[in-house]
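Before I ask anything, here is the structure I am working with.
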Amino acid sequence: MTVRVRFAPSPTGYLHIGGARTAMYNQLFAKAMGGKYILRIEDTDTERSERKFETAQIEDLKWLGITHDEGPDVGGEYGPYRQSERLHIYKAWSDKLIEKKHAYPCFCTEAELTAKKEHAEKNNLPPVYDGTCRHITRADSAARIAKGEEAVIRFHVQNKSYDFQDGVRGHVTFPEGMVGDFVIMRANGIPVYNFAVVVDDSSMKITHVIRAEEHLNNTLRQLMLYEAFGEKIPEFSHVSLLIGEDRQKLSKRHGATSVRLYQEMNYLPTALLNYLCLLGWSHPNELDVFDPQTLGTLFNLNRFTKSSAIYDVNKLNFINGQHVRALPIESILIEAEKTIPVNHPFHKMDEGWKLRTITVFKEKMNFFQDLLGLVEILFTTNVSEDAEYKEAIGWETTPKIREYLRGEIEIALVNKKKFVTVEDYNIWSEHVKGELKIKGKPLFMGMRAVLTHQAHGSDLKFIIPLTPLEVLATRIKL
RNA sequence: GCACCCAUCGUCUAGCCCGGCCUAGGACACUGCCUUUUCACGGCGGCGACUGGGGUUCGAAUCCCCAUGGGUGUACCA
């Protein structure tokens with residue numbers, strides 16, 4: 001039996017990071033087991049579902065590198081993969097249930113229902129449907145429907161307890177009497193979530209259901225449905241929830257929760273996935289930085305944590321930096337260059353200079369856009385306000401350094417040089433040390449203050465050869 | 001309210017199933033030192049946790065019970 005798993009988002013917004021995480025777990029599991037990973041669109045909420053969000057979510061998934069074997073965009077032998085296109089299937093399965101007396105039409109109005117619920121709450125009874133319409137005869141209900149009366153289809157719940165073996169939680173039991181006869185088909189003929197899921201998972205031959213813990217309670221209704229249909233129950237695994245700092249389920253008010261936002265902030269998809277993967281799952285070798293897509297058979301269901309995880313961008317940023325630095329410098333250049341404004345002098349420099357610049361600065365980059373700020377030191381003629389800088393400028397040795405370097409830079413200028421070399425820089429510092437007798441802090445800080453107008457920064461011998469000579473000249477003439 | 005799930009450093013977690021190797025390991029964050037000026041990277045340290053109470057046992061983070069806390073669900077949303 002080949003493993004078949006699915007990710008089933010609702011197209012009511014952009015892809016959520018929690019959704020991305022479950023999608024990844026499903027895909028990783030399919031990969032590890034040599035199975036298939038299916039994308040199904042659950043658009044039965046006609047009020048909120050929009051086709052543009054479906055497209056957007058598929059794009060987001062693609063950006064992350066989570067590719068599916070079957071789905072609305074790529075097809076497959078178990079389609080259609082959009083619930084809105086499977087209405088006839090739900091109707092047929094619902095009829096089957098009515099036929100077997102596992103379901104029945106219900107004519108209760110919303111007002112009646114709320115009254116019953118309030119009454120139940122007042123008397124401390126479970127707020128479940130009382131089964132009023134259960135006893136309407138087939139002939140009667142057929143007649144009422146023929147007259148045009150609206151009816152939903154309700155599932156006839158058996159009075160018994162249910163239990164199942166959860167892949168991450170172990171043995172889970174539900175006592176009897178907790179749910180009343182629940183709706184499986186709305187009056188408008190559209191199925192309700194729990195019903196559609198079971199019909200789809202059954203007919204799409206899904207073998208393992210990996211989803212978030214918020215669905216744990218839904219499993220009870222789904223178990224009832226499987227039993228009524230006599231269909232094989234898949235193996236359920238309820239993965240821990242992602243929560244915010246307030247320990248509530250992660251939602252929009254917690255900040256950036258959509259994958260698209262992370263794409264816009266220039267996060268690396270592998271880094272996002274790496275971080276998400278670690279929220280509730282641990283690497284067998286206790287690795288923190290890795291590409292989930294290379295996990296292979298290392299990925300398994302045994303290493304999930306049961307408790308929910310607080311989403312905190314701190315470690316994400318660290319992991320992103322690790323992934324950025326692991327990239328070849330050519331790739332970093334391509335991505336980082338996109339984040340620099342078009343009229344920036346960076347773009348006028350040649351390829352070799354750019355590559356050397358990336359090599360120098362990449363250790364300080366957690367994000368591609370960090371380059372812009374880093375590269376400022378090579379072009380700016382602004383003067384630091386830093387107290388340490390002012391102190392360095394005030395030393396009696398510093399004017400001597402400036403006077404000497406001004407001469408050297410003027411010579412270079414006369415020789416039509418565009419840059420000085422590392423050798424030039426080394427000669428300078430040797431001269432200051434040997435001839436001017438300045439060493440230690442006054443030497444390095446002094447040279448830095450004079451040449452960069454800053455008190456801190458990257459190693460001068462790397463930075464100075466990358467700084468255009470004319471910039472150096474402007475600075476030194478001050 | 002009721003049901004279900006969960007409980008190790010501030011955060012993510014290892015260990016728990018198969019009790020002793022745990023004076024509880026790693027990572028982020030914070031922090032000290034080193035890396036022959038600084039910053040970053042890196043290296044070496046520091047800070048920092050088994051929710052509480054009972055039990056079982058020679059021995060419990062690990063097994064059992066209770067309490068407490070937190071979360072999720074309780075829709076013609078998914």
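So you know, we letter chains A, B, ... as the sequences are listed, proteins then strands, and number each from 1.
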Complement of B:A24, any strand, by Watson-Crick or G-U distances under 3.5 angstrom: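 Pair assignment: B:A24 / none.
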Do A:Y81 and A:D200 have a side chain donor and acceptor closer than 3.5 Å?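 No, no side-chain donor-acceptor pair sits under 3.5 Å.
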P gap between B:G10 and B:C4, integer Å: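 About 31 Å, rounded to a whole number of Å.
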Show me the protein contacts with nucleotides 13-15 of chain B, counting only N or O atoms at under 3.5 Å.
| residue | atom | partner | partner atom | Å |
| --- | --- | --- | --- | --- |
| B:U13 | OP1 | A:G280 | N | 2.6 |
| B:A14 | OP1 | A:S282 | OG | 3.2 |
| B:A14 | O2' | A:E286 | OE2 | 3.2 |

Between B:A61 and B:C9, how far apart are the two P atoms, rounded to whole Å?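 One P to the other, the span is 15 Å.
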The side chain of A:H456 lies closest to which of these nucleotides: B:C5, B:A78, B:U38?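 Comparing B:C5, B:A78, B:U38 against the side chain of A:H456, the answer is B:U38.
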Are the side chain of A:R144 and the backbone N or O of A:E149 linked by a donor-acceptor pair below 3.5 Å?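 Judged by distance alone, no pair lies under 3.5 Å.
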Regarding A:Q322, tell me which of base, sugar-phosphate or nothing describes its non-hydrogen contacts under 4.0 Å with the strands shown.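 Here A:Q322 touches the backbone only, sparing every base.
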Could you check whether A:W93 and A:F195 have their ring centres less than 6.0 Å apart?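 Aromatic pair excluded; centres sit 6.0 Å or further apart.
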Looking at every strand, decide which applies to A:T173 at a 4.0 Å heavy-atom threshold: base, sugar-phosphate, or nothing.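 A:T173: backbone/sugar contact only, no base atoms under 4.0 Å.
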Paired with B:C44 by Watson-Crick or G-U wobble geometry, both distances under 3.5 Å: which nucleotide is it?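 B:C44 is paired, partner B:G32.
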More 5' along RNA chain B: A:E110 or A:M365, using each one's nearest nucleotide?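 Closer to the 5' end of RNA chain B: A:M365.
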Which part of the nucleic acid, if any, lies within contact of A:V183, taking any heavy atom under 4.0 Å across all strands shown: a base, the sugar-phosphate backbone alone, or nothing?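 It contacts sugar-phosphate atoms only.
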Give one of base, sugar-phosphate or nothing for A:D459, where a contact means two heavy atoms less than 4.0 Å apart.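 Here A:D459 touches the bases of the nucleic acid.
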With respect to the side chain of A:K364, which nucleotide from B:A40, B:C4, B:A27 is positioned closest?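 The closest nucleotide is B:A40.
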Taking the six-membered ring of A:F182, is NZ or CZ of A:R221 closer than 6.0 Å to its centre and within 45° of its axis?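 Judged by the rule, A:R221 and A:F182 form a cation-pi pair.
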Could you tell me whether A:D166 contacts a base, only the sugar-phosphate backbone, or nothing, with contacts defined as non-hydrogen atoms closer than 4.0 Å?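 Answer is nothing: A:D166 stays at 4.0 Å or more from every strand.
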Which nucleotide wins on minimum distance to the side chain of A:E214, given the candidates B:C5, B:G73, B:C28?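 For the A:E214 side chain, the nearest candidate turns out to be B:G73.
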I want to confirm an ordering. Mapping A:A187 and A:V168 to their closest nucleotides on RNA chain B, which one lands closer to the 5' end?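 Residue closer to the 5' terminus by nearest nucleotide: A:V168.
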Nearest to the A:H215 side chain among B:C28, B:A78, B:C4, which nucleotide is it?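 Of B:C28, B:A78, B:C4, B:A78 is nearest to the side chain of A:H215.
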Write down the distance separating the P atoms in B:G43 and B:C50, rounded off to the nearest Å.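 Those two atoms are separated by 29 Å.
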In this structure, how many angstroms lie between the C1' atom of B:U38 and the NZ atom of A:K461, rounded?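 Atom-to-atom, A:K461 to B:U38, this comes out as 13 Å.
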How far does the P atom of B:G25 sit from the matching atom of B:G48, given to the nearest Å?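 So the two P atoms sit 12 Å from each other.
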Before we go on, tell me: are the rings of A:F174 and A:Y162 under 6.0 Å apart, centre to centre?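 No: the rings miss the under 6.0 Å criterion.
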Residue among A:D312, A:D288, A:N320 satisfying side chain to side chain contact (heavy atoms under 4.5 Å, CB included) with A:Y275: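 By the side chain to side chain contact (heavy atoms under 4.5 Å, CB included) criterion, A:Y275 pairs with just one of A:D312, A:D288, A:N320: A:D312.
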Sticking with atom P, work out how far B:A49 lies from B:G26, rounded to a whole angstrom.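 Per the computed distance, 14 Å lies between those P atoms.
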If you only use heavy atoms from C-beta on, which nucleotide in B:C4, B:U72, B:C28 is closest to the side chain of A:K315?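 Per side-chain heavy atoms of A:K315, the pick is B:C28.
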B:G52 versus B:A7 - spacing of their C1' atoms, nearest Å: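 B:G52 and B:A7 have their C1' atoms separated by 12 Å.
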For atom P, what is the distance between B:U31 and B:U74, given to the nearest Å?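 Roughly 44 Å separates the two P atoms.
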Can you identify which nucleotide, out of B:C5, B:G70, B:U37, has its nearest atom closest to the A:R247 side chain?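 Output: B:G70.
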Is it true that the side chains of A:S84 and A:D43 contain a donor and an acceptor less than 3.5 Å apart?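 Yes - a donor-acceptor pair under 3.5 Å links their side chains.
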Between A:H208 and A:F29 (judged by ring centroids, cut-off 6.0 Å), do the two rings come close enough to count as a pair?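 Yes, ring centres under 6.0 Å apart.
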NA contact type, A:E245, heavy-atom cut-off 4.0 Å: base, sugar-phosphate, or nothing?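 Counting heavy atoms under 4.0 Å across all strands, no contact is made by A:E245.
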Hey, does A:K362 reach any base, or is it just sugar-phosphate, or nothing, if we go heavy atoms under 4.0 Å?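 Touches nothing.
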Is the distance between the ring centroids of A:H254 and A:Y311 under 6.0 Å?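 No; A:Y311 has its ring centre 6.0 Å or more from that of A:H254.
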Quick one: do the A:E227 and A:Q158 side chains pair a donor with an acceptor below 3.5 Å?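 Absent: no donor and acceptor within the cut-off.
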If I take atom NZ in residue A:K306 and atom P in nucleotide B:C50, what distance separates them, rounded to the nearest angstrom?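 Atom NZ in A:K306 sits about 21 Å away from atom P in B:C50.
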Does a side-chain N or O from A:Q454 land closer than 4.0 Å to OP1 or OP2 of B:U38, or not?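 No, A:Q454 has no side-chain N/O under 4.0 Å of OP1/OP2 on B:U38.
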B:G26, B:U38, B:G73: which one has an atom nearest the side-chain heavy atoms of A:D288?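 Closest nucleotide among those given: B:G26.
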Quick check for you: among B:U37, B:C6, B:U72, whose closest atom lies nearest to any side-chain atom of A:L241?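 The nucleotide sitting nearest to the side chain is B:U72.
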According to a strict under-4.0 Å criterion, is A:Q222 in side-chain N/O contact with OP1 or OP2 of B:G73?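 For B:G73, OP1/OP2 do not have a side-chain N/O of A:Q222 under 4.0 Å.
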Could you state the CZ-C1' distance from A:R325 to B:C41, rounded to the nearest angstrom?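 Whole-Å distance recorded here is 7 Å.
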With heavy atoms under 4.0 Å as the rule, sort A:F318 into base, sugar-phosphate or nothing.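 Contact class for A:F318: sugar-phosphate only.
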